[in-house]
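Side-chain atoms are counted along with the backbone in the values below, which use heavy atoms only and exclude waters and symmetry mates. Numbering starts at 1 and runs along the sequence shown. Please read all numbers here as calculations on a predicted model, not as lab measurements.
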Amino acid sequence: MLGKTICASMLLALPVARTGTAGGLDENLLSNGGFEAGNNAWWHPKDRYGGQIDPQLRRHGLNSWRMDLKRFGKETIISSGGAVKPGRDHQVSVWIRCRNVAPADAVTVRVLQFALGKPNGWYTRDGNADLIHTGGSHDWYRFRINVPKAELRPDTDRLTVFLRAAPGSNGTVWFDEATLRPTTGEPPGELLDAQAAPPLRRVSTSLADEAAAFRDIPFLNEVGEGIKISCGSDHNLFYGPSPVRVTLHVTAPAPARLAWVVSDYWGRIVRRGNTTGTRRISLAGMGYFEVAARLSRNGKQIGAARISLAHLPKHPHAETAPKYLLGSWVQQNDLLDDIGARWTRVGTGWRYLEPKPGHPNEELWQRLDAHIAGIADSGIAPIFLFAKVPKWAGPHHKRVAPQHWGDFRRFVRKCVSRYRKYVNVWEVMNEPYIPTLFPGTLDEIMQWHRIVREEVDRGDPGGLVIGPCLNTRNDYLFKEMRQLLEMGIGRLVDGISIHTYGGLEAAGFLEHFAKLRKLLDEFGANKPLYITEQGLSVPEKLPLERIQARYFARMLLLCMQARVKVVIWHMMSWPQGASSEQRNFAVVRARKDLKQRAPRPAFVAAATLSSVLGNARFRRSVPGLGKTAVAQVYQTADGESVIALWDWGQPERRVQLDVGVPRVTVVDIVGARRTVQTTDGRLELSISPDPVYILGAKSATPVGEPRL
């Protein structure tokens with residue numbers, strides 16, 4: 001086998017996003033080793049199934065890479081590489097999870113040597129290029145292989161790591177946190193034996209052991225056998241200083257005992273108890289909370305209920321300016337105010353509004369009339385999207401170009417005439433990704449834009465047209481954007497609509513905007529950026545929901561820094577009948593009938609940010625706090641400074657910041673506030689991937705630097 005096993009305490013790995021020296025190793029030479037930026041920097045063959053990004057099941061961060069293996073005679077493979085450090089030993093590490101993989105040694109890792117851009121032979125151990133073997137079923141397990149410089153070919157200047165499954169294999173395998181690191185001279189660690197991998201098992205996601213027994217109770221199940229939880233507020237949202245009061249109703253006949261816990265955003269238990277009758281709980285703190293209860297008789301559970309709620313110091317709308325960038329879709333526009341959003345995206349659905357040529361669905365048109373008027377009257381700006389071509393107008397695909405452009409022009413003209421009173425921004429189309437989502441041509445995309453441009457100019461002079469709605473973080477779609485600009489799309493739009501799904505800081509989120517604006521400048525088309533979809537899908541498990549919450553907050557902060565005009569979060573809520581992937585994008589829990597809703601942590605994180613920075617503008621970044629630390633200075637409409645601060649690469653660490661005042665107010669990601677004293681104007685506090693906001697500072701300078 002590959003070597004000796006090591007004890008379980010050595011199986012913990014640092015996140016790939018971290019940089020610097022740790023445990024005898026230097027920085028990761030593989031770009032996007034944690035797949036946080038989708039499949040960027042990873043190659044896989046175009047003529048065979050190479051797998052896909054999996055945001056649902058990952059070892060760390062946002063994504064893993066999943067291969068669903070099939071017996072079709074070809075290997076399944078992806079690879080990524082990096083330039084080696086001359087004269088240094090290296091180590092390859094990857095976390096692997098297998099489910100029903102057969103044969104039991106089908107999953108392997110190889111390392112290919114390159115010299116001057118050409119393959120230079122596989123790195124082998126005892127003549128075998130497959131350095132790591134695994135399969136069967138096991139949970140996440142870290143495999144490592146040492147690559148000494150003495151065993152490489154002398155002219156090797158680059159190594160490429162191949163993650164692969166052998167031809168004819170079956171099952172599913174996940175990869176995450178793949179690294180290629182030069183060692184720093186310390187022992188790089190022993191090799192791991194695949195036979196030591198633990199069996200696949202269900203692992204509790206609870207952050208508090210005592211709360212683990214309550215974790216499997218479904219949300220929004222406050223009406224169970226003999227038990228009900230109520231808190232007397234629409235959507236379980238509370239604002240202001242008054243304590244939140246939750247009532248546990250026991251309606252089952254005696255003897256029955258109710259055990260209950262209240263946990264916070266971090267999974268810590270803040271209240272707990274037992275009762276045999278109705279019990280009222282008072283929660284005085286601010287933030288995100290979950291209340292779970294189990295009803296038992298003679299030691300056997302007979303009922304259970306669980307809800308989530310939010311308590312914020314004030315309604316975010318009070319601090320949200322009309323030009324604030326946050327928006328959301330789809331469903332539940334009555335909650336836009338509660339998250340501080342000022343925008344929404346309205347998908348029209350031509351195929352539903354005109355199911356037969358010349359025969360409109362009048363009932364649906366009237367519902368759309370009321371919907372758009374209600375949004376606009378509440379102060380929310382709707383972005384009107386032309387979408388879903390009817391089968392009679394463009395058969396075979398809902399996004400295909402119309403057979404007769406006159407039909408589309410007639411529909412656009414009707415929409416512009418009908419809604420110009422309420423709509424100022426018109427989005428041409430949704431995700432024309434050739435060929436994956438749009439089986440058409442660039443010429444057809446251009447014609448689509450020309451018609452919308454002409455009809456908006458005709459019926460709504462002054463109306464804004466945005467397009468083409470590509471995810472320009474994807475390399476091939478970025479090239480498509482260049483082609484459209486060469487064809488003159490910049491003359492047809494007033495703003496550039498894009499989608500930006502993917503990782504954040506480690507994936508070059510801010511750098512993407514600079515790259516895009518450079519391209520737009522090249523064609524004289526540097527116009528406002530509208531992100532009309534952005535989101536992260538995670539299951540209803542608190543540790544994963546925390547990832548979604550910090551992603552939402554940091555994404556908004558980075559977009560504010562990049563001067564993005566609009567960010568539409570996908571999505572507010574989705575009925576329980578939808579697919580799990582779509583439902584898990586939502587930041588509001590909802591039953592299928594949509595009548596019962598409650599916040600997820602991401603909703604509270606976004607509402608907190610809106611209430612703190614909704615009327616503020618980004619002023620500058622603060623360097624000097626570390627490679628993965630981000631500090632931003634904002635100025636509110638009344639001239640006050642607010643500092644947003646986080647560290648995306650470390651779980652928690654202490655920093656010192658010169659703020660120039662004896663005390664400040666620190667607001668955490670879910671709105672809880674505390675006063676922190678400083679020492680001669682120096683603020684010391686812990687930062688983590690969850691942003692915090694510092695109010696009342698007069699300066700923002702790392703300790704030891706000249707005060708700014």
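Although no hydrogens or angles enter the test, the distance criterion places no donor-acceptor pair under 3.5 Å between the side chain of Asp668 and the main chain of Val692. Looking only at distances, no side-chain donor or acceptor of Asp264 sits under 3.5 Å from a matching main-chain atom of Phe289. Judged purely by atom type and a 3.5 angstrom limit, Asn430 has no side-chain atom pairing as donor or acceptor with the backbone of Cys469.
Under the side-chain hydrogen bond (donor to acceptor under 3.5 Å, both in side chains) criterion, the residue pairs touching residues 521-531 are Arg482-Glu522, Asp521-Asn526, with sequence neighbours excluded. Each ring-ring contact (aromatic ring centres under 6.0 Å, His included) pair with one or both residues in residues 506-525, not counting sequence neighbours, appears once here: Phe509-Phe513. Residue pairs meeting the ring-ring contact (aromatic ring centres under 6.0 Å, His included) criterion with at least one member in residues 604-642, sequence neighbours excluded, are Phe618-Tyr634.
For Ser64, there are no side chain to side chain donor-acceptor pair (under 3.5 Å) partners, not counting sequence neighbours. For Glu290, the side chain to side chain donor-acceptor pair (under 3.5 Å) partners at least two apart in sequence or on another chain are Arg215, Tyr288, Arg306. Glu545 meets the salt bridge (charged side-chain N to carboxylate O under 4.0 Å, His left out) test with Arg589, Arg600; sequence neighbours excluded.
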Practice prompt. Go through the steps to decide whether Asp690 and Tyr265 satisfy the test side-chain hydrogen bond (donor to acceptor under 3.5 Å, both in side chains), and finish with yes or no.
Written response: CA-CA 11 Å; Asp690 295 319; Tyr265 169 78; 3.0 Å; yes
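In this pair, His570 and Trp329 present their aromatic rings tilted. The plane angle is within the 30 to 60° band. Classification of the Trp569-Phe552 ring pair by plane angle, with boundaries at 30° and 60°, yields parallel.
Once rounded to the nearest 0.5 Å, the distance linking NE2 of His317 with OG of Ser610 reads 11.5 Å.
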